[in-house]
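Right, one structure below, let's go through it.
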Protein chains: 2
Amino acid sequence: MTDEPRYAVEATETSLAVLETLVDAEGTVGVTALADHVGVSKSVAHNHLSTLRAAGYVIKRGEQYDASLRTLTLGERTRAGIDVHDAAKRKLDNLAAATGETTTLFVLEEDAGVPVYVAEADDGWSPPFVEGERLPLHVNAPGKSILSSLSADRIDAILERTDLIAPTDATTTDPDELVRELRRIRDDGIAFCRGEQYEGVVGVAAPLPEIDGSRIAALGVCGPVDRLNGRYLEEDITGQVLSTTKSVQVDLTAD
Amino acid sequence: MTDEPRYAVEATETSLAVLETLVDAEGTVGVTALADHVGVSKSVAHNHLSTLRAAGYVIKRGEQYDASLRTLTLGERTRAGIDVHDAAKRKLDNLAAATGETTTLFVLEEDAGVPVYVAEADDGWSPPFVEGERLPLHVNAPGKSILSSLSADRIDAILERTDLIAPTDATTTDPDELVRELRRIRDDGIAFCRGEQYEGVVGVAAPLPEIDGSRIAALGVCGPVDRLNGRYLEEDITGQVLSTTKSVQVDLTAD
DNA sequence: CGAGCCGTTCTTCAGAGCAGAACGGATAAA
DNA sequence: TTTATCCGTTCTGCTCTGAAGAACGGCTCG
């Protein structure tokens, strides 16, 4: 997984650190502050900034630097290559409108679940998912859906490599218990998450298995437990998640 | 603008070329093909791939490489720092739903207009805008809105640095004529674009001037000329664009 | 069975890229 | 007004990175 590269390119690591610092900074950053933050000399920081600027990923406002909007294109171009996203986006918007809750599309990547699209709830609130950020598979409904759709061998391999961290008290950290739950999820075709990632947030999700070359994914709804509960959650919402998933699957098979 | 950096970091340029190649590639790419494409030796390509992989921006599927979804986070984190985006996103969704057409938020960056958010039309069609891609300001309605809201000095400076390319026959390439049009746009508070960027595509946009630290932006609707025309375009759609813009402005001032 | 590909590793050496010093303009303090 | 400081940029010289190309080993196809 994280085998250190034998011949790493240090300059690349520095440039990425510079770029990430700028992306996370509020407003612009000066050369000196940036050099301190990244841990290189001022001249080196300056060289990397100029290079990133020539490439278009960094802009200069006065004497200060900032990440440019070009950073968006990398992600958008990557997202454009994901067929599940194209098939699901609009349906997730509709599902969000119909339920008033946040809807998400997660994709499997390197033993992790990655939100690729998040349609926000009516009230604008949604869990602090950052699209593209890898999340452990065992802490949320889409992640568990994805896991449940894999072969037993693959589940074991992933669980072996994964540290079953517990963001809340509700998180399942026992592999055997998790495997039992995954079996139930596979039988039901639907996964629930009750505060396992964030206190008070529940989720429902259904797997979207691989369809000739598309990625293994899952589609879900999540929101506060005081709105999502009881029969409304387990029948109404669940039904809508299942029918949306079905419809995305049909579209994917059609192409 | 494009003054070559005096001490460019070549390794960074190579890594970015590698990453962009992967992002634009359909599916995965092998080391040899990638090395050829970027113009470096196989071992160098391999070193950069390993480094980018360790940083999380590249993943390996079997013996092939691909851009990872992590590329999304750079853009999303940048976007999260743009207050105009947060204020306008939901309203652009609503405007798209109300009109059935594509709505966009453009922001000024380095003499160019950059789409930061695009809400697609009902029929799923939208101009081939890639979020984050810089577009000339004189070819579309949001760009012209942005220009019109600047001071005369600043307009002159930008026009001097800009090559007034003409994607279609309808594009205005004469600076004087453009300045006259910008004056009209400033007086009306609304800009139109009639096939100046893409044949058969018209646009309406209104400027969203700088509000304490927010970026200079514009908000627009665009779609095919056979749907958007006549009084429907000039009164109905235009009115909705103006009221949405007003509402975003109010929200921005409120914070 | 062997020829050819492809990803990975190794080795060697030029020069890329590092740190630190020096420059120069701007701003603040005396 | 003068002086001190700070910050972005440029310069310089040394070192070790990162480049190329060859070699390795596994795989596939003829």
*asked:* Please report the end-to-end axis angle for the helix from C:dC1-D:dG30 to C:dA30-D:dT1, five pairs per end, rounded to 10 degrees.
replied: 30°
*asked:* Going by salt bridge (Lys or Arg N to Asp or Glu O under 4.0 Å), name the residues that satisfy it together with A:Lys91, two or more places apart in sequence or in a different chain.
replied: A:Asp251
_Quick test of your reading: applying side-chain hydrogen bond (donor to acceptor under 3.5 Å, both in side chains), list the pairs with at least one residue in residues 57-69 of chain A, sequence neighbours left out, ordered by first then second residue._
A:Thr28-A:Gln64, A:Tyr57-A:Arg70, A:Tyr57-B:Glu20, A:Arg61-A:Asp66
*asked:* B:Thr71: which residues meet the side chain to side chain donor-acceptor pair (under 3.5 Å) condition with it, sequence neighbours left out?
replied: A:Thr78
Under 3.5 Å, which N/O atoms of the protein pair with N/O atoms of nucleotides 13-23 of chain C?
| residue | atom | partner | partner atom | Å |
| --- | --- | --- | --- | --- |
| C:dG17 | OP1 | B:Glu10 | N | 3.3 |
| C:dG17 | OP1 | B:Ala11 | N | 2.9 |
| C:dG17 | OP2 | B:Ala8 | O | 3.4 |
| C:dG17 | OP2 | B:Glu10 | N | 2.8 |
| C:dC18 | OP2 | A:His48 | NE2 | 3.4 |
| C:dA19 | OP2 | A:Ser41 | N | 3.1 |
| C:dA19 | OP2 | A:Ser41 | OG | 2.8 |
| C:dA19 | N7 | A:Ser43 | OG | 3.0 |
| C:dG20 | O6 | A:Ser43 | OG | 2.8 |

_Strand contacts (DNA chain C) in residues 16-37 of chain A, 4.0 angstrom heavy-atom criterion_ = none
_Nucleic acid contacts - residues 57-65 of chain B versus DNA chain D, non-hydrogen atoms under 4.0 Å_ = none
_I'd like to check the salt bridge (Lys or Arg N to Asp or Glu O under 4.0 Å) partners of A:Glu76; sequence neighbours left out, ordered by chain and number._
A:Arg79, B:Arg79
*Would you say the side chain of B:Arg154 lies within less than 4.5 Å of the side chain of B:Leu108, judging by non-hydrogen atoms?*
yes
_Pairwise ring pair (Phe, Tyr, Trp, His ring centres under 6.0 Å) hits with a residue in residues 66-92 of chain B, at least two apart_ = B:His85-B:Tyr117
*Please list, chain by chain and in numerical order, all residues satisfying salt bridge (Lys or Arg N to Asp or Glu O under 4.0 Å) with B:Lys89, sequence neighbours excluded.*
B:Asp93
*Just jot down the side chain to side chain contact (heavy atoms under 4.5 Å, CB included) partners of A:Pro136, sequence neighbours excluded, or say none.*
A:His138, A:Val139, A:Ile165
*Take the protein atom NE2 of B:His46 and the nucleotide atom P of D:dG18, then report the distance between them rounded to whole Å.*
16 Å
*Tell me: CD of B:Glu13 to P of D:dG18, nearest whole Å?*
14 Å
*Taking only residues two or more places apart in sequence, or in another chain, which ones meet B:Arg90 in a salt bridge (Lys or Arg N to Asp or Glu O under 4.0 Å)?*
A:Glu120
